[in-house]
There are 2 protein chains.
Amino acid sequence: MTARGITEPAFLVLTALADEARHGYGIVGEVERLSGGRIRMPVGTLYGVLDRLSGDGLVELDREEVQQGRLRRYYRLTEAGAGALDAEAARLAANVRAARERLRARGLARHRPAWEGGGPA
Amino acid sequence: MTARGITEPAFLVLTALADEARHGYGIVGEVERLSGGRIRMPVGTLYGVLDRLSGDGLVELDREEVQQGRLRRYYRLTEAGAGALDAEAARLAANVRAARERLRARGLARHRPAWEGGGPA
DNA sequence: CTGATATATATCGGTGGCCGATATATAGTG
DNA sequence: CACTATATATCGGCCACCGATATATATCAG
């Protein structure tokens, strides 16, 4: 692998579908909800992501409903999708851990008292 | 914000520079090391990332050295860079938390015993 | 000496994902 | 009648990624 696993929009869609099947517009709302309102998913992004995830077998069509004259197309996570989400979560968690370790080391270095000595010379 | 903060390659470069200044090739090795050998950073990616991070004031040139006839250009993290890395780590951690919560909920649903009732019909 | 490998820099162009804009349709509201 | 909300979908510009390529020095094998 190079640097990238699945993309962040894809990760968020998988997350939104992890607990139950949702339709497109519902995913948009769920992503906004689960991020505490910090992340909005543009619909122009959503359908491309959904197509790619479908092609990779990570999500699949669950059912179609008509609510008040409007079509709702529901998607659900596959087992492979759940596995991919879990694996990506582990990958990201490892990145976060590494960053925080080093950030902590940096903080310590910048606060290191003079008597611990050494210095650049 | 839409979905994306800083990119993953940028995140990894910032992480590699968090504890001490490093030169390009050294960053490549450090990313591989801190990821346990799972992530390799292509040099074609590195310099673009470094340029962008410099432009955003998240990293800056530390010094230049000549070791055995080869030029080494060292970069260091700025305060803004440390802040950006910390913020992005928090963002990713929140994503991971959300994914794992829902994944756990899904697992529970799929193992729910029959006597809890309902079911599809 | 020649070729291959490792270190070290940098550029370029193809590919692909993101997302704003746009289109279509129904329902409710001012 | 216009506007907003819900709901679908497509298209195209932009930009980041990264493989390929180029340049240069040091070392080692044949």
Side-chain angles (χ1 to χ4, degrees), chain A residues 1-14 16-17 21-33 35 38-56 58-59 61-75 84 88 91 95, chain B residues 1-14 16-17 21-33 35 38-56 58-59 61-75 84 88 91 95:
Chain A
M1 196 189 343
T2 63
R4 302 184 299 183
I6 61 180
T7 65
E8 181 166 358
F11 182 87
L12 294 167
V13 168
L14 293 179
L17 295 178
R22 289 192 165 86
H23 65 282
Y25 219 76
I27 295 173
V28 171
E30 186 62 16
V31 167
E32 188 158 0
R33 206 170 308 124
S35 68
R38 283 175 289 104
I39 301 175
R40 90 192 136 84
M41 161 99 38
V43 294
T45 299
L46 179 69
Y47 291 102
V49 169
L50 237 25
D51 285 347
R52 239 167 294 125
L53 291 177
S54 295
D56 293 342
L58 304 185
V59 307
L61 189 62
D62 184 67
R63 68 189 188 278
E64 289 182 343
E65 283 180 8
V66 176
Q67 291 277 328
Q68 302 165 218
R70 297 182 212 97
L71 175 65
R72 286 181 167 183
R73 184 163 287 139
Y74 285 78
Y75 294 88
E88 180 69 5
R91 232 178 53 81
N95 285 355
Chain B
M1 203 190 341
T2 63
R4 302 184 298 181
I6 61 180
T7 66
E8 181 165 359
F11 182 87
L12 293 168
V13 168
L14 293 179
L17 294 179
R22 287 192 166 85
H23 64 283
Y25 218 76
I27 294 172
V28 171
E30 185 63 15
V31 166
E32 188 157 1
R33 206 170 309 124
S35 68
R38 285 175 288 102
I39 302 175
R40 89 191 136 87
M41 161 101 37
V43 294
T45 299
L46 179 70
Y47 292 103
V49 170
L50 238 25
D51 285 348
R52 238 166 294 125
L53 291 177
S54 295
D56 293 342
L58 303 185
V59 306
L61 190 62
D62 184 67
R63 67 188 187 278
E64 288 182 343
E65 283 179 10
V66 176
Q67 291 278 326
Q68 300 163 219
R70 295 182 213 97
L71 175 66
R72 286 181 166 183
R73 182 164 288 138
Y74 285 78
Y75 294 88
E88 181 68 6
R91 232 177 56 79
N95 285 355

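All chains are named by letter (A, B, ...) in the order of the sequence lines, taking the proteins before the strands, and each is independently numbered beginning at 1.
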Mind calculating the distance between [atom1] ([X]) and [atom2] ([N]) to the nearest angstrom?
X	N	atom1	atom2	value
A:Asp56	C:dG16	CG	P	13 Å
B:Ile6	C:dC18	CD1	C1'	17 Å
A:Arg40	C:dC18	CZ	C1'	12 Å
A:Glu8	D:dC17	CD	P	13 Å
B:Asp51	C:dT11	CG	P	7 Å
A:Leu53	C:dG17	CG	P	11 Å

Go through the structure and list residues passing salt bridge (charged side-chain N to carboxylate O under 4.0 Å, His left out) with B:Glu32, not counting sequence neighbours.
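Once residues adjacent in sequence are excluded, B:Glu32 has no partner under the salt bridge (charged side-chain N to carboxylate O under 4.0 Å, His left out) criterion.
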With sequence neighbours left out, write down each residue that passes salt bridge (charged side-chain N to carboxylate O under 4.0 Å, His left out) with B:Asp56, or none if nothing qualifies.
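B:Asp56: no salt bridge (charged side-chain N to carboxylate O under 4.0 Å, His left out) contacts found.
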Given D:dC17, C:dC18, D:dC18, which nucleotide is nearest the side-chain atoms of B:Pro42?
D:dC18
In chain order, what residues pass the side chain to side chain donor-acceptor pair (under 3.5 Å) check against B:Arg52, with sequence neighbours excluded?
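Side chain to side chain donor-acceptor pair (under 3.5 Å) list for B:Arg52, sorted by chain: empty.
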Listed partners of A:Asp51 passing side chain to side chain donor-acceptor pair (under 3.5 Å), at least two apart
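Side chain to side chain donor-acceptor pair (under 3.5 Å) list for A:Asp51, sorted by chain: empty.
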Pairing residues for A:Gln68 by the side chain to side chain contact (heavy atoms under 4.5 Å, CB included) criterion, not counting sequence neighbours:
A:Arg70
Categorize A:Thr45 for me: base, sugar-phosphate, or nothing, with a 4.0 angstrom heavy-atom threshold over every strand shown.
base
Counting primed atoms, P, OP1 and OP2 as sugar-phosphate and everything else as base, the B/S/- map of nucleotides 5-10 of chain C against protein heavy atoms under 4.0 Å is --BBBB
Looking at B:Arg52, does any N or O in its side chain come under 4.0 Å of the phosphate oxygens OP1/OP2 on D:dC15?
no
For the student: nearest non-hydrogen atoms of B:Phe11 and B:Glu88, plus distance
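Taking every non-hydrogen atom into account, CD1-CG, 3.5 Å.
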